[in-house]
Amino acid sequence: MECFEVDTKIISYLEHALDDHELQEFLEHLNECEDCRNEVELYFTLIEGLNQMDEDEIQVFDFRTEFQKQRKERLKEVILRKRYRSLADHFVLIFVIVIVLLGFLYGFFQRYDYEKRYIAQEVCYEQQISID
C-alpha cells in the first residue's frame, strides 16, 4: 500500500470500516512507514480526545501507547481471522473431496451389485431354458 492510499483510508480505519485485506495492508504499511504512522496517530489522538470530551469523561492517558496497542491488536486479529478462514477453506475442500469420493464409491458398488444381479438372472434364465 502506498502513502497516498493510507491517507484516503485513515477515517475508515478509525471507524473500523476496512475489510480484512485492506486492514492488513494498512497496518503493515504503518509498521514500515513512520510518517504515515505519525499521521494516523495524530488523527487517532484527535478523534479519541473529542470522543472523550463528548462523553464528559476525560480520561487522561497516553494516546500514543493506546494507539500502538490497538494497532498491534488489530493486526493480530486480522491475521488470526485470515488463518481461520484459510483453515475453514481447507476443511470445506477436504469435505467436498470426501463427498465426491464417497459418491464415486457408492456408484461403483451399485454398478457392481447391478452387474452381479444381472449375471445371476442370466444364469437363472439359461438354466430355465435348458430345463424346458
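For reference, positions follow the sequence shown, starting with 1. The figures here come from the full heavy-atom set of this structure, side chains too, leaving out hydrogens, waters and symmetry mates.
Going from atom SG of Cys36 over to atom CD of Glu5 covers 10.5 Å, rounded to the nearest 0.5 Å. Within the model, atoms CZ of Phe63 and CG of Leu46 stand 9.0 Å from one another, a figure rounded to the nearest 0.5 Å. The line from OH of Tyr106 to CZ of Arg111 is 15.0 Å long, rounded to the nearest 0.5 Å. Here Asp89 contributes atom CG and Ile94 contributes atom CD1; the two are 11.0 Å apart, rounded to the nearest 0.5 Å. A distance of 8.5 Å separates CZ in Phe26 from OG1 in Thr8, rounded to the nearest 0.5 Å. Taking CZ from Arg81 and CD from Gln24, the interatomic distance works out to 10.0 Å, rounded to the nearest 0.5 Å.
Both Tyr43 and Leu23 sit in one connected hydrophobic cluster of ILVMFWY residues. Membership requires side-chain heavy atoms under 4.5 Å apart, directly or through other members. Connection of Phe44 to Ile11 is established within a shared hydrophobic cluster, with ILVMFWY side chains joined at heavy-atom distances below 4.5 Å, either directly or through further cluster members. Residues Ile79 and Leu18 share a hydrophobic cluster, clusters being chains of Ile/Leu/Val/Met/Phe/Trp/Tyr side chains in contact below 4.5 Å.
Listed by chain and number, the residues in a side chain to side chain contact (heavy atoms under 4.5 Å, CB included) with Val92 are Val96 (sequence neighbours excluded).
Side-chain contact between Arg64 and Asn38 is present, with at least one heavy-atom pair separated by less than 4.5 Å. Looking at heavy atoms from C-beta onward, Leu30 lies out of side-chain contact with Leu75 at the 4.5 angstrom threshold.
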### Message
What verdict does the side-chain contact (heavy atoms from CB on, under 4.5 Å) test give for Glu39 and Asp7, after you've listed the backbone C-alpha separation in whole Å, the side-chain angles of each residue and the deciding distance to 0.1 Å?
### Response
CA-CA 8 Å; Glu39 185 175 356; Asp7 286 342; 2.9 Å; yes
### Task
Run the numbers on Glu66 and Glu48 for side-chain contact (heavy atoms from CB on, under 4.5 Å), then give the verdict.
CA-CA 10 Å; Glu66 183 66 21; Glu48 278 297 309; 5.8 Å; no
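Note on ring orientation: taking the six-membered ring where Trp is involved, the planes of Phe67 and Tyr13 are perpendicular (angle over 60°, cut-offs 30° and 60°).
For the salt bridge (charged side-chain N to carboxylate O under 4.0 Å, His left out) condition, no pair includes a residue of residues 68-78, sequence neighbours left out.
Remark: side-chain polar atoms of Thr45 are paired, donor with acceptor, to backbone N or O of Glu41 under 3.5 angstrom. Not a single donor-acceptor pair under 3.5 Å links the side chain of His29 to the backbone N or O of Glu25.
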